[in-house]
Amino acid sequence: MPVPQSRRSFDGYRVRAVRKQLGLSQAEMARALAISVSYLSQIESGDRPITGNVLAALATHYPHDWSAIDPSETETLLSDVVDACSDPSVGDVVGDLSDIERVIRQHPLIARRLAALYATQRANLAQLRALDDQVGAEGSARRLPWEEVRDWFHAQQNYIDEIDRAAERIAAEFADGPALQQIEARLLDRFGVRVAPIAKGDSAIRAFDPAGVLHVDPSQPAESILFSVAYQLARLEFGDLVASIAARGSQTSVGRQLLGAGITNYAAGALLMPYLAFRQAARECRHDVDQLRLQFGTSFEQTCHRLSTLQRPGALGIPVFFCRVDMAGNITKRHSATRLEFARFGGACPLWVVHEAVAIPDRILVQLAETPDSVRYVSMAKGLVKPSNSYTRAPRRYAVALGCEERYASAFVYADGLRTDSSATPIGSSCRVCPRADCDQRAFPPAASDLHIDPDRRGRIPYELRTTP
């Protein structure tokens, strides 16, 4: 379908919807779009058209929000081509938005081809990194069941529409009042299940008796007890649906069981944090995790995880990454809706702030970081401690991290403490796949490199890297 010669339109209501969703004043949006406040006001009221330059600026500054509201093929193409032209990893950035708009108008087939090639290049790079990391770490391309489950969630963009919408419908039926009481009442009324403390000496945190009793460890934090009860309700409400999805997602019995448990955990989170209400609350508080967890009665980790699932078509959240790292540096949970690629195996970059957070529990650390492709990210990390119910059992210590690309900093409260015009910490996915040749923290060389060792000269690492082209 050819692109219309005129890009002038009167879609001001869409501009106003984007601005209100992000909680921006007209002055703030006008400044970002490089237009006057009066011009923006006239656009929103329908008195002035949106020119190609303004449309390009909308696609650049608010790509997810603008494309979610206006799914027009032409405007989606504009956003995709802007992304391709602004990627610094493939050469000089094309900074003149009028040039990009002119290419789309005059050569739409070439523009579509450029967008498709860029998407293919990113997919191929991600696949190459994953294969290189896995073969280097294990010497085998065989996936274990939990790796299969992790990759399945990543392929779904960490969003399961059937489950999410079903959980949202049930949450809408709850009356006002504490969530725990609402869920316990539904368990009893619909399934004849009551909640009781777990037997003394039992090390489980949750145990379901098919006779109709859910035993829960009362020594857990309140939000953990709430999640355990929500998990049981999700298991009973969505058991058949979960089994059907798991059967399609894994070829092994163990994989299906693990996937079923993961999907049920997802459903429990969706019950406690219904999609649209949670997304709106996240926008209003600029993704302040502490405010959100208090509002929804969830833990810090559960809230961070839920933020990484806001990928519903037509109602996207800002794209974030989320991960959990243990004391040994192992990444035990990971998801990225951004261009940031996590190492599939082994630890994360030692320069990433999440490692410092593990050693400093209950304190939020922030960092401006830059990956080898020159994309900058605002990261937040917090060390957490899960207490045990006995002196003989050590508490679990780990950290969670949440972040977004720098261009979304205005919607991410943790960017307020950073100077985004300052230098960023250079990080990578992991040493095995990071191409940086001058990193003092490198643990071992990247796979795709030749080593040069000079017996008469030594730097901070005992070799020089000569990356294979």
Side-chain angles (χ1 to χ4, degrees), residues 1-4 7 52-53 55-133 151 154-159 311 313-314 316-321 335-344 369-377 403-409 424 427-429 433-436 448 467-469:
M1 181 179 73
V3 176
R7 306 259 329 139
N53 286 340
L55 183 61
L58 285 163
T60 299
H61 291 284
Y62 315 109
H64 274 69
D65 300 285
W66 179 246
S67 62
I69 291 175
D70 186 357
S72 146
E73 176 186 353
T74 302
E75 290 165 8
T76 299
L77 177 62
L78 175 61
S79 178
D80 291 343
V81 175
V82 167
D83 276 348
C85 292
S86 61
D87 187 337
S89 68
V90 291
D92 294 336
V93 171
V94 179
D96 193 332
L97 296 176
S98 62
D99 287 346
I100 298 174
E101 194 273 344
R102 190 180 306 112
V103 168
I104 294 174
R105 185 179 66 247
Q106 297 177 352
H107 305 286
L109 294 180
I110 294 176
R112 290 191 186 94
R113 190 66 175 168
L114 172 62
L117 287 171
Y118 180 62
T120 300
Q121 181 235 15
R122 286 191 51 77
N124 287 342
L125 282 175
Q127 189 174 34
L128 180 61
R129 289 191 190 102
L131 182 61
D132 183 33
D133 195 19
D151 292 347
H154 186 76
Q156 304 300 312
Q157 296 186 337
N158 213 27
Y159 174 74
Q311 297 296 304
L316 295 170
I318 69 166
V320 300
F321 62 79
H335 175 68
S336 177
T338 70
R339 286 179 276 185
L340 180 69
E341 297 285 347
F342 288 116
R344 284 163 47 91
E370 183 175 306
T371 48
D373 57 3
S374 299
V375 179
R376 287 157 61 112
Y377 298 89
C404 65
E405 293 186 19
E406 183 187 23
R407 57 177 165 164
Y408 296 105
I427 66 169
S429 295
V433 295
C434 179
R436 297 189 191 278
T467 304
T468 303

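Numbering of residues begins at 1 and proceeds along the displayed sequence.
Gln156 is linked by a side-chain contact (heavy atoms from CB on, under 4.5 Å) to Trp152, counting only residues two or more places apart in sequence or in another chain. Taking the side-chain contact (heavy atoms from CB on, under 4.5 Å) definition, one finds that Leu114 meets it with Val81, Ala84, Cys85, sequence neighbours left out. Remark: Thr60 engages Val82, Leu97 in a side-chain contact (heavy atoms from CB on, under 4.5 Å) (not counting sequence neighbours). Here His154 pairs with His335 under the side-chain contact (heavy atoms from CB on, under 4.5 Å) rule; sequence neighbours left out. Listed by chain and residue number, Arg339, Arg407 satisfy the side-chain hydrogen bond (donor to acceptor under 3.5 Å, both in side chains) test with Glu405 (two or more places apart in sequence, or in another chain).
Although no hydrogens or angles enter the test, the distance criterion places no donor-acceptor pair under 3.5 Å between the side chain of Tyr408 and the main chain of Pro319.
Considering every non-hydrogen atom in both Phe321 and Cys404, the closest pair reads CE2-N, 4.0 Å. Listed here is the closest heavy atom pair of Pro372 and Gly428: CD-CA, 4.1 Å.
Atoms CG and CD, on Leu316 and Gln157 in that order, are 8.5 Å from each other to the nearest 0.5 Å.
The only member of Ile427, Leu340, Val320 that meets side-chain contact (heavy atoms from CB on, under 4.5 Å) when paired with Tyr377 is Leu340.
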